[in-house]
2 protein chains.
Amino acid sequence: MDIMTNGTWLNDQESQAWKYLVGLLFRLPPVLEGQLQREEDLSFADYMVMAMLSENTNEGVRMTDIGGLVKMAQPRLTRIVTKLEKLGFVTRTNSPEDRRVVIAQITPQGLSKLEQAAPGHVDHVRRTVFDHLTPQQVENLLEIGQALLDSGDPELSMQSHCANSPVAP
Amino acid sequence: MDIMTNGTWLNDQESQAWKYLVGLLFRLPPVLEGQLQREEDLSFADYMVMAMLSENTNEGVRMTDIGGLVKMAQPRLTRIVTKLEKLGFVTRTNSPEDRRVVIAQITPQGLSKLEQAAPGHVDHVRRTVFDHLTPQQVENLLEIGQALLDSGDPELSMQSHCANSPVAP
DNA sequence: TAGAAATGGTTGAACTGTCAAGTAGCGCAT
DNA sequence: ATGCGCTACTTGACAGTTCAACCATTTCTA
């Protein structure tokens with residue numbers, strides 16, 4: 001029995017780490033979502049997209065680039081930006097250079113919504129996450145995140161939904 | 001203006017770590033989901049619940065206890081178990097001692113489904129996660145997971161959905 | 001300079017998750 | 001014992017996500 005905790009597959013350390021990681025994957029998103037939803041009527045993904053856009057106020061950002069930075073799949077992104085546009089927090093324009101490309105840009109209203117939401121959100125993140133971690137652990141977390149997301153693994157580094165060739169080109 | 005990456009709220013280290021953690025929260029679940037869905041027609045949550053139940057083949061497990069172990073909210077759990085029951089992978093019985101309590105138990109079919117799914121899934125987890133981490137990083141990950149989930153924080157340790165008192169009793 | 005393949009983005013259908021409200025059973029106080 | 005409150009779980013309504021198929025545009029290739 002104990003299908004996933006021993007055997008030749010994952011050693012003790014790994015399977016324990018796995019359980020905790022899965023716990024975080026299940027628990028953290030609803031918790032983050034909750035605060036923003038209650039207090040600002042924004043989803044966590046909405047917030048992250050706007051935060052991302054707020055770092056490029058002038059130029060705007062291509063859809064795909066948002067996806068790469070926020071690690072979201074395209075359809076999800078489309079719907080989020082559509083929603084944010086309806087709310088007046090974001091504009092979309094077709095790039096003149098490449099007319100397939102859509103460029104999203106945050107509006108003043110979006111920016112002020114974000115500025116209004118940020119303190120509460122960051123506070124919540126601090127209390128939920130960083131208050132429980134030592135600086136060393138924060139550094140370790142950063143390192144682990146890099147190891148996984150910057151590994152070049154096609155599944156994790158985005159494009160996942162179309163990369164299926166087992167051995168590559 | 002870099003709403004979430006500097007200022008008095010999160011220092012550089014923290015906000016970088018935060019970005020990577022968020023990346024994992026967005027990316028990992030779809031990736032894990034995908035493999036199981038394609039190859040076994042199971043959701044990741046389905047799999048975790050069954051894996052959990054497979055560790056207590058004899059007695060069965062109370063709904064709430066599953067939630068505590070797999071870190072899932074109750075409504076989600078109810079629907080998953082309902083689905084698994086329809087598929088014949090799980091049975092539910094009302095506890096005779098306390099008739100509010102529902103006890104879920106994995107069936108032989110559920111067990112064999114799990115055993116069939118496990119190799120591919122574990123393989124995928126290994127390739128996606130553990131192949132990119134050193135043993136030291138795995139240990140660090142475990143420690144971070146513990147720090148967050150076992151912190152006693154009501155939001156993270158479940159019950160989150162009813163704890164709203166800002167300062168506590 | 002066609003035509004084929006690839007890229008960027010959107011959309012429809014099905015599913016899953018969340019919140020809030022609801023039912024049922026237990027337990028303690030009067 | 002009757003009523004109040006708590007616990008365990010379920011359900012309805014809604015919003016969000018995913019996969020797959022789609023259209024439009026660009027780029028490669030012959």
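Just so it is clear: chains get the letters A, B, ... in the order the sequence lines come, proteins before strands, and each one is counted from 1.
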request  = Please list, chain by chain and in numerical order, all residues satisfying side chain to side chain contact (heavy atoms under 4.5 Å, CB included) with E143(A), sequence neighbours excluded.
outcome  = Q137(B)

request  = Return the set of residues passing side chain to side chain contact (heavy atoms under 4.5 Å, CB included) with Q116(A) (not counting sequence neighbours), or none when no residue passes.
outcome  = E40(A), K113(A)

key: Linked, directly or transitively: V49(B) and I103(B) (ILVMFWY side chains, under 4.5 Å)   = no

task = Could you pull out all residues at least two apart from D150(A) that satisfy side-chain hydrogen bond (donor to acceptor under 3.5 Å, both in side chains)?
result = Y20(B)

ask   = Can you check the R62(A) CZ to dT26(D) P distance for me, whole Å?
value = 12 Å

message = Just to be sure I understand the geometry, which residues of residues 94-106 of chain B put a non-hydrogen atom under 4.0 Å away from DNA chain D?
response = R100(B), V101(B), V102(B)

Length of the CG-P vector between L28(B) and dT17(D), whole Å = 17 Å

remark   = Whole-Å distance, K86(A) NZ to dA15(D) P, equals 12 Å

request  = Name all residues meeting the side-chain hydrogen bond (donor to acceptor under 3.5 Å, both in side chains) criterion together with E39(B); count only those two or more places apart in sequence or in a different chain, and write none if there are none.
outcome  = Q35(B)

For D123(A), all residues meeting side chain to side chain contact (heavy atoms under 4.5 Å, CB included), sequence neighbours excluded = R127(A)

key: Spacing of L36(A) atom CG relative to dT18(C) atom P, expressed in whole Å   = 15 Å

message = What is the distance, to the nearest angstrom, from the CG atom on D65(A) to the P atom on dT7(C)?
response = 15 Å

ask   = Which residue pairs pass the ring-ring contact (aromatic ring centres under 6.0 Å, His included) test when at least one of the two sits in residues 54-85 of chain B, sequence neighbours left out?
value = none

ask   = By side-chain hydrogen bond (donor to acceptor under 3.5 Å, both in side chains), which residues pair with N94(A), not counting sequence neighbours?
value = none

inquiry  = Could you tell me how far apart M63(B) (CE) and dA24(C) (P) are, to the nearest whole angstrom?
reply    = 17 Å

note = Given protein heavy atoms under 4.0 Å, the one-letter contact record of nucleotides 11-17 of chain C, with B base, S sugar-phosphate only and - none, is simply BBB--SS

query = Please give, in whole Å, the distance from dT18(C) P to E155(B) CD?
reply = 14 Å

